[in-house]
2 protein chains.
Amino acid sequence: METSQQGDPVLRAGPLEVRLGDRTVLADQRPLPLTVREFQILAALVNRAERVVSREELYAAVWHGEMRDHDRSVDVYVSRLRSKLERALPHWAYIRTHIGFGYCFSPRPSTGEW
Amino acid sequence: METSQQGDPVLRAGPLEVRLGDRTVLADQRPLPLTVREFQILAALVNRAERVVSREELYAAVWHGEMRDHDRSVDVYVSRLRSKLERALPHWAYIRTHIGFGYCFSPRPSTGEW
DNA sequence: TCGCGGTGTGAAAGGGATGTGAAAAGGTCT
DNA sequence: AGACCTTTTCACATCCCTTTCACACCGCGA
């Protein structure tokens, strides 16, 4: 993965820039404020870009524990993350749902109507 | 079998790429969305490529149980799988029917009219 | 030609999975 | 304590997946 001048890993995907090292996200060069959990979810997904990640794996990566049955935490934070990303970058989609398994970070220009 | 950077088993057959490890299928490099059952059927077939697989074996591989007489589940999902594959890759055929036995994953360019 | 077994596939019912707003609980600062 | 923000949990609506049924088609044998 690309790294910044300070050596921090950085991911660029369209107008989105995720600086894992300093816990910063830029959308069109503008800072996108995320809460701790939101950033952790995003980071976990970005670190596994283009791979389908199970809810259990995401949960373990963020909460460091066993996910209880029917726990919806992951879904809730993915929803909030999507919401912020979409408001900042309306013409891009980043997180895809894989029903029955989990999510996949897969940036693409949104095909929806403008 | 070939493996990806993450060490996941990958099968390439013409323009089709099946990543068994991360539950992803690419058609001409583009993600092909499959449901759980569809992917399981495909995975079971790919794992037995070029072999004729009985309905019973496919059923056991996906549903983990004894197939009831006259159960059509396998047929239905093979049909849906074919449908999605054909829509994504019109000039290729992947699943052959062996009447009275089952199916066989055997990729080949389609000979149909253009 | 008729009947029959085998297969392809559309359609519908039902249920599980997901998106998401909102309340409850917890933390931090002053 | 009070204000404010975040995390957690709950509840509900919606979506879409699975399952099952039914019908059509095909090839074959009587």
Side-chain angles (χ1 to χ4, degrees), chain A residues 23 25 31-45 52-87 90 93-106 110 112, chain B residues 23 25 31-45 52-87 90 93-106 110 112:
Chain A
R23 222 190 126 303
V25 178
L32 178 64
L34 296 182
T35 71
V36 174
R37 289 279 180 269
E38 287 163 2
F39 183 86
Q40 287 175 316
I41 288 278
L42 178 59
L45 284 169
V52 181
V53 188
S54 71
R55 283 184 173 68
E56 288 74 14
E57 185 176 343
L58 280 176
Y59 188 93
V62 173
W63 282 270
H64 306 97
E66 194 84 2
M67 194 179 93
R68 291 171 309 171
D69 278 359
H70 310 105
D71 191 303
R72 306 295 310 283
S73 305
V74 172
D75 302 73
V76 170
Y77 276 99
V78 166
S79 170
R80 293 186 185 155
L81 196 46
R82 277 180 171 150
S83 168
K84 286 195 179 179
L85 287 173
E86 169 148 11
R87 206 153 49 76
Y94 288 97
I95 304 175
R96 197 180 334 192
T97 302
H98 282 245
I99 294 184
F101 288 95
Y103 300 93
C104 176
F105 186 82
S106 176
S110 155
Chain B
R23 321 201 49 83
V25 177
L32 178 65
L34 296 182
T35 72
V36 174
R37 290 277 180 269
E38 288 163 1
F39 184 87
Q40 288 175 317
I41 287 277
L42 178 60
L45 285 169
V52 181
V53 188
S54 71
R55 281 183 175 69
E56 287 73 15
E57 185 176 343
L58 281 176
Y59 188 93
V62 173
W63 281 270
H64 306 97
E66 194 83 3
M67 194 177 93
R68 292 172 308 172
D69 279 0
H70 310 105
D71 191 304
R72 306 295 311 284
S73 305
V74 172
D75 303 73
V76 169
Y77 276 99
V78 167
S79 168
R80 293 187 186 155
L81 196 46
R82 278 179 170 151
S83 167
K84 285 195 179 178
L85 288 173
E86 169 149 11
R87 204 152 47 76
Y94 288 97
I95 304 174
R96 260 195 272 219
T97 302
H98 283 247
I99 293 185
F101 292 96
Y103 300 94
C104 176
F105 186 82
S106 177
S110 154

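Because only heavy atoms are used, hydrogens play no part in the values below, and waters and symmetry mates are left out as well, while side chains stay in.
For the atom pair CD (E86(A)) and OG (S110(A)), the distance works out to 7.0 Å, reported to the nearest 0.5 Å. Taken to the nearest 0.5 Å, the OH atom of Y94(B) stands 7.0 Å off from the CG atom of L85(B).
W63(B) has no side-chain polar atom (N or O) that falls below the 4.0 Å cut-off from OP1 or OP2 of dT18(D). Between Y103(A) and the phosphate of dA17(C), there is no side-chain N or O to OP1/OP2 separation shorter than 4.0 Å. Contact annotation: R68(B) reaches the phosphate of dT20(D) (side-chain N/O to OP1 or OP2, under 4.0 Å). For the OP1/OP2 pair of dG8(C) and a distance below 4.0 Å, the side-chain nitrogens and oxygens of R82(B) include at least one atom meeting the criterion.
The distance from atom CG of D71(B) to atom P of dA22(D) is 15 Å, rounded to the nearest whole Å. What separates CD1 of I41(A) from C1' of dT18(C) is a distance of 15 Å, to the nearest Å. Rounded to an integer number of Å, the gap from CG of D75(B) to C1' of dT19(D) is 14 Å. The CZ-P distance, from R72(A) to dT9(D), rounds to 13 Å in whole Å. Atom P of nucleotide dC16(D) and atom NE2 of H98(A) are separated by 14 Å, given to the nearest angstrom. Rounded to whole Å, the distance from CZ on R96(A) to C1' on dC16(D) is 17 Å. In this structure, the CZ atom of R37(B) is 17 Å from the P atom of dG15(C), given to the nearest Å. The interatomic distance linking M67(B) (CE) with dT19(D) (P) rounds to 14 Å, in whole Å.
For the pair R55(A)/Y103(A), a side-chain contact is recorded, criterion being any heavy-atom separation below 4.5 Å from C-beta on.
Of the listed nucleotides (dT6(D), dT9(D), dA22(D)), dT9(D) has the atom at the smallest distance from the side chain of S73(A). In the set dT9(D), dG8(C), dT19(D), dG8(C) carries the atom at the smallest distance from any side-chain atom of R55(B). Picking from dT7(C), dT19(D), dT8(D) the nucleotide with the shortest atom distance to the side chain of R80(B) gives dT19(D). The listed nucleotides are dT18(C), dT7(C), dT18(D); the one nearest the side chain of T97(A) is dT18(C). Side-chain proximity of S79(A) to the nucleotides dC17(D), dT18(C), dT20(C) is greatest for dT20(C). Listed nucleotides: dT9(C), dT8(D), dG19(C). Nearest to the side chain of V76(A): dT8(D). Ranking dC16(D), dT6(D), dG19(C) by closeness to the I99(A) side chain, first place goes to dC16(D).
Within a 6.0 Å radius of CD in Q40(A), more than 12 heavy atoms belonging to other residues, nucleotides or ligands are found.
In this structure, R82(B) contributes its side chain and I95(B) its backbone to a donor-acceptor pair below 3.5 Å.
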